[in-house]
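Right, one structure below, let's go through it.
Computed from a predicted structure; not experimentally measured.
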Amino acid sequence: MQRILLIEDDEAISEMVRSYLIKESFEVETAFDGEAAEMIFRSSSAFDLILLDLMLPKRSGTEILQTIRATSLVPVLIMSAKDSDVDKALGLGFGADDYITKPFSMIELAARVKAAIRRAGYASLSSKSNVPAPDQQEQRVTFHGLTVDLDNFSAQKNGEEVKLTAKEFHILKLFITHPGRVFTKAQIYGMVWADDYYGDENVINVHMRRLREKIEDDPSRPEFIKTLWGIGYKLGEAVQ
């Protein structure tokens, strides 16, 4: 049975969501504040998905998200009453996989939960091979001070660990394993998110910007992942 950690301070909402997801055959553990959520997560990280409210007592949702992303690639679905592009970009930029705005229907929430688990980058790309792996002898790639370990889902730049989210890592992996190939935003979304692309460029833009901030010397003049205006992106020629 797939396990979900539900972090929501409104007990009525928490119980409504928990009950519905249990009926959908999920095992659900609940936390009502940031400190309790962190304690549960640290003591048992074997969750298939985390549902996270942004407005939490004791520790904020964004703080909890950063704590999660420091050690785990588990899918995180944000639930929030804040319905602005800034809040969505902030949540996705910190490593969330999806965002649903309150109030929401239980049917939509359950669909989002199932989709997030299904398309989780570290599961779908490693076990289902949405992105073909390079030669089995070449699982560690180094170029221009950036070392990417494709087996252990980790990266280092100039000897220092680069903390990438699941999506950021698989975007990077997509380009490394396909040197010379140009990818459109729709193709990137389809391969990394394993879902249909409906033209929401904000998700791709946020993840690409955050990835470049972490791996490029000058994110405004990227060398690793080049932009082909009006077409898409490709691995820089200097690192192929």
Would a hydrophobic clustering, with Ile, Leu, Val, Met, Phe, Trp and Tyr connected at side-chain separations under 4.5 Å, put [X] with [Y]?
X      : Y      : result
Ile4   : Met106 : yes
Met55  : Met79  : no
Phe47  : Met1   : no
Ile171 : Val141 : yes
Ile7   : Phe32  : no

Using only atom types and a distance under 3.5 Å, with no angle test, would you say the side chain of [X] pairs donor to acceptor with the backbone of [Y]?
X      : Y      : result
Glu8   : Thr30  : no
Arg212 : Ile225 : yes
Lys214 : Lys163 : yes

Got a sec, which residues hit side chain to side chain donor-acceptor pair (under 3.5 Å) with Glu108, two or more places apart in sequence or on another chain?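 Glu108 satisfies side chain to side chain donor-acceptor pair (under 3.5 Å) with Arg112 only.
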Which residues satisfy the side chain to side chain donor-acceptor pair (under 3.5 Å) test with Asp33, sequence neighbours excluded?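 Residues passing side chain to side chain donor-acceptor pair (under 3.5 Å) with Asp33: none at all.
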Give the minimum heavy-atom separation between [X] and [Y], together with the two atoms involved.
X      : Y      : result
Leu65  : Ala96  : CD2-N, 3.9 Å
Ala116 : Pro75  : O-CG, 3.9 Å
Lys226 : Gly236 : CG-CA, 3.7 Å
Ser43  : Ile40  : OG-O, 3.0 Å
Asp9   : Pro57  : CB-CD, 3.5 Å
Ala155 : Leu164 : CB-CD1, 4.0 Å

Evaluate the criterion side-chain contact (heavy atoms from CB on, under 4.5 Å) for residue pair Val206 and Arg209; output intermediate values, then yes/no. CA-CA 5 Å; Val206 167; Arg209 186 186 73 244; 4.2 Å; yes
With sequence neighbours excluded, what pairs up with Glu38 under the salt bridge (charged side-chain N to carboxylate O under 4.0 Å, His left out) test?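 Scan of Glu38 (salt bridge (charged side-chain N to carboxylate O under 4.0 Å, His left out), adjacent residues dropped) gives Arg42, Arg59.
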Listed by chain and number, what are the salt bridge (charged side-chain N to carboxylate O under 4.0 Å, His left out) partners of Glu29, not counting sequence neighbours?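 Only Arg3 meet the salt bridge (charged side-chain N to carboxylate O under 4.0 Å, His left out) criterion with Glu29.
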Indicate yes or no: does Lys157 engage Asp217 in a salt bridge with an N to O separation below 4.0 Å.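 Looking at Lys157 and Asp217, the cut-off is met.
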Between Ile64 and Ile50, is a side-chain contact (heavy atoms from CB on, under 4.5 Å) present by the stated rule, with each step listed? CA-CA 11 Å; Ile64 297 302; Ile50 294 177; over 6 Å; no
So, do [X] and [Y] sit near enough that their side-chain heavy atoms are less than 4.5 Å apart?
X      : Y      : result
Leu109 : Leu77  : yes
Asp53  : Ile13  : no
Tyr233 : Lys185 : yes

Pairs of donor and acceptor atoms involving the side chains of residues 16-23, under 3.5 Å and at least two apart or interchain, shall be tabulated with distances.
unit_1	atom_1	unit_2	atom_2	d
Arg18	NE	Glu15	OE1	3.2
Arg18	NH2	Glu15	OE1	3.4
Arg18	NH2	Glu15	OE2	3.1
Ser19	OG	Glu15	O	2.9
Ser19	OG	Glu15	OE2	2.8

Carefully, step by step, assess Met208 and Ile188 under the rule side-chain contact (heavy atoms from CB on, under 4.5 Å). CA-CA 10 Å; Met208 193 66 72; Ile188 294 171; 4.1 Å; yes
In the hydrophobic clustering that connects Ile, Leu, Val, Met, Phe, Trp and Tyr at side-chain heavy-atom distances below 4.5 Å, which members other than Leu228 occupy its cluster, ordered by chain and number?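 Other cluster members: Val182, Ile231.
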